[in-house]
2 protein chains.
Amino acid sequence: MQTGKKILIADDEPDILEIIQFNLQTEGYEVVTAKNGDEAFEKAKKFLPDLIMLDIMMPGKNGIEVCNLLRKLPVFAETLIIFLTAMSDENTEIKGLESGADDYLTKPISPKVLLSKVNALFRRINSTKQDTGVVVIGDLKIDREKYNVSYKSEDIVLARKEFELLSLLASKPGKVFLRNEILNQIWGTEVIVGDRTIDVHIRKIRQKLDLDCITTVKGVGYKFEM
Amino acid sequence: MQTGKKILIADDEPDILEIIQFNLQTEGYEVVTAKNGDEAFEKAKKFLPDLIMLDIMMPGKNGIEVCNLLRKLPVFAETLIIFLTAMSDENTEIKGLESGADDYLTKPISPKVLLSKVNALFRRINSTKQDTGVVVIGDLKIDREKYNVSYKSEDIVLARKEFELLSLLASKPGKVFLRNEILNQIWGTEVIVGDRTIDVHIRKIRQKLDLDCITTVKGVGYKFEM
DNA sequence: TATAGTATTATCAAATTGTTAACGCCATGC
DNA sequence: GCATGGCGTTAACAATTTGATAATACTATA
């Protein structure tokens, strides 16, 4: 496969680095590696990768710091960033996502999961035209202008909040939206509603869509995936 | 593809100029380039392009200034103008749109986004031009010049506001018009009328047309659909 | 198995729209 | 000038839809 996509991987464990690199290269990705946060930052600026995978625990700058630095630079505003975390490290996971990452992978990393995630992310990025206001993901079509949603050309009627919520999640497929993030985007900072409210709307969407495309990330939030 | 549309691109970075030019030419557009604001202004007057893409940051006159100058000339009143801006530069974006641009593109520019945007703009222009005359949707015919509506060759008498409202909604079938949008388009920004007013007119249209073609999108607005 | 987090459901409150009637305005014809 | 009728607007109320919450059940994880 020839994708032409560049991926930067930063991790202080050489083994992991090697495994990931090998698998991604086999898939046709161009891979650059870094052994610590500072090297990651430098190489990111130099190679301008399409996707950056950052281990959170690294000597020097940790992954979250690197992410924050990168996101300050306009060139990296749209770059995909994924964190690699040790399992059960929920707090840092959340901090990571708050600092603007698109997703995270928990160690130990299975090559299968890794590849499907990476492939899926790129597939979705390409199919996401944030341009016309129409988002098409597989057979699902979300038209912001016409305010309607259709699956396989079949119209689905969503209430406003449901539409906004789905629309938000689908605007960045694969990205995990924190509950706070969702509240801010859809309800604004002034209105205060309970946590269950989101669940209920998610439920309604799932019900109406009859499609398993919204994944719960326990303790964090929700994400859209096909 | 042969469109015959002329496009003028102004940017001081030769690389960007070249990329855009290449992509647009591939699509069949005729492209003229300019390296700075003054040159852009001169070439615009000389070639009378259908679309002008202006980088905002340019030596000499910047894009906004050029836009303002152009808009003062009647020939450019209807010309499409797009700004090219550096990412996350919201203030200038807004100023740009205020100075009469039709849209803007943020750098780095993806060829895909560029083309879809340009194509979409021309499509829009073409379709709105048809709007000035007669709109036919199914068996419904709306004649803006004669100011009358007929369904299956049967004339329907609508009052002026009713006509304008129907005409507006039908100008973009499927698109949801926000209540504010409707107020702005039909009543203008200065007149202030209550919310029920729209409803009442919608009701009258529905009544007279005896046709289920106006859909309510609760909390949002109305749309026309056959 | 206890716990934290999420799903589900029913219910009620709130927001939004539909409908009707009434009022004032203006152009028209008498 | 004065009555008339159509039009645009508003008010008042009814009908509908939507949103939020609480209570409860479920589920994955430690």
Side-chain angles (χ1 to χ4, degrees), chain A residues 85-91 93-94 97 106-108 147-149 156-169 176-180 182-183 185-188 190-223, chain B residues 147-149 155-169 176-183 185-188 190-224:
Chain A
T85 75
M87 213 90 168
S88 78
D89 203 357
E90 282 192 4
N91 276 335
E93 263 174 23
I94 293 169
L97 290 170
T106 48
K107 297 181 185 180
Y147 237 91
N148 74 1
V149 177
I156 294 161
V157 181
L158 296 182
R160 189 168 88 239
K161 282 274 186 285
E162 292 158 21
F163 182 86
E164 286 170 1
L165 183 49
L166 176 63
S167 183
L168 174 67
L169 295 179
V176 180
F177 287 84
L178 311 179
R179 296 181 97 92
N180 272 332
I182 294 173
L183 289 176
Q185 290 284 326
I186 297 187
W187 278 267
E190 292 166 30
V191 189
I192 294 166
V193 294
D195 257 11
R196 291 311 104 230
T197 303
I198 298 179
D199 306 20
V200 174
H201 287 296
I202 291 280
R203 155 113 179 75
K204 286 180 183 162
I205 295 171
R206 282 173 171 156
Q207 206 166 254
K208 288 185 180 176
L209 251 64
D210 192 26
L211 188 78
D212 189 28
C213 63
I214 296 177
T215 311
T216 304
V217 183
K218 266 195 109 162
V220 188
Y222 295 92
K223 68 173 162 178
Chain B
Y147 238 76
N148 74 358
V149 176
D155 272 13
I156 295 163
V157 183
L158 294 183
R160 191 165 67 251
K161 283 275 188 270
E162 292 158 19
F163 181 86
E164 286 170 2
L165 184 48
L166 175 63
S167 183
L168 174 66
L169 294 180
V176 176
F177 288 84
L178 312 178
R179 296 181 95 91
N180 274 331
E181 220 171 324
I182 295 173
L183 290 175
Q185 290 285 326
I186 297 187
W187 279 267
E190 290 165 32
V191 189
I192 294 166
V193 294
D195 257 9
R196 291 310 102 236
T197 303
I198 297 180
D199 305 20
V200 174
H201 288 296
I202 291 280
R203 156 120 178 77
K204 286 178 182 164
I205 295 171
R206 281 173 172 158
Q207 210 165 252
K208 287 185 180 175
L209 251 63
D210 192 27
L211 220 174
D212 189 28
C213 63
I214 297 177
T215 312
T216 303
V217 183
K218 271 201 109 158
V220 188
Y222 295 94
K223 68 175 160 179
F224 180 95

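Just so we're on the same page: letters track the sequence lines, and every chain starts at 1.
OP1 or OP2 of D:dA20 lies within a sub-4.0 Å distance of a side-chain N or O belonging to A:Trp187. Taking 4.0 angstrom as the limit, B:Thr197 places a side-chain polar atom (N or O) nearer than this to OP1 or OP2 of D:dT10. In this model, the phosphate group of C:dT17 is approached by a side-chain N or O of B:Arg179 to a distance below 4.0 Å at OP1 or OP2. Contact between the side-chain N/O atoms of A:Thr216 and the OP1/OP2 oxygens of C:dT6 is not found at any separation under 4.0 Å. Of the side-chain N and O atoms in B:His201, none sit less than 4.0 angstrom from OP1 or OP2 of D:dC7.
How far CD of B:Glu181 is from CG of B:Leu169: 10.0 Å, rounded to the nearest 0.5 Å.
At whole-Å resolution of the value, CG in A:Leu178 and P in C:dT6 are 11 Å apart. Atom CG of B:Asp199 is separated from atom P of D:dT17 by 15 Å (rounded to the nearest Å). Distance CG (B:Asp195) to C1' (C:dT17): 10 Å, rounded to an integer number of Å. When rounded to the nearest whole Å, the span between NZ of B:Lys161 and C1' of D:dT10 equals 15 Å. Rounding to whole angstrom units, CD1 of residue A:Ile198 and C1' of C:dG5 are separated by 13 Å. For the pair A:Arg160 CZ and D:dA20 C1', the interatomic distance rounds to 14 Å; values are reported in whole Å. Put simply, CZ on B:Phe163 is 13 Å from P on D:dG8, counting in whole angstrom units. Counting to the nearest Å, the C1' atom of D:dT9 and the NZ atom of B:Lys204 are 8 Å from each other.
With C:dT6, C:dT20, D:dT21 as the candidates, the nucleotide lying closest to the side chain of A:Val200 is D:dT21.
Take the nearest nucleotide of DNA chain C for B:Gln207 and for B:Val220: the residue whose nucleotide is more 5' is B:Val220.
Using a 4.0 Å cut-off between charged side-chain N and carboxylate O, B:Asp199 and B:Arg179 make a salt bridge.
By the 4.5 Å heavy-atom criterion applied to side chains, B:Tyr222 and B:Ile198 are counted as neighbours.
Formation of a donor-acceptor pair under 3.5 Å by the B:Arg206 side chain with backbone atoms of B:Ile214 is found in this model.
Open room surrounds CG on A:Asp212; 12 or fewer heavy atoms of other groups in view lie less than 6.0 Å from it.
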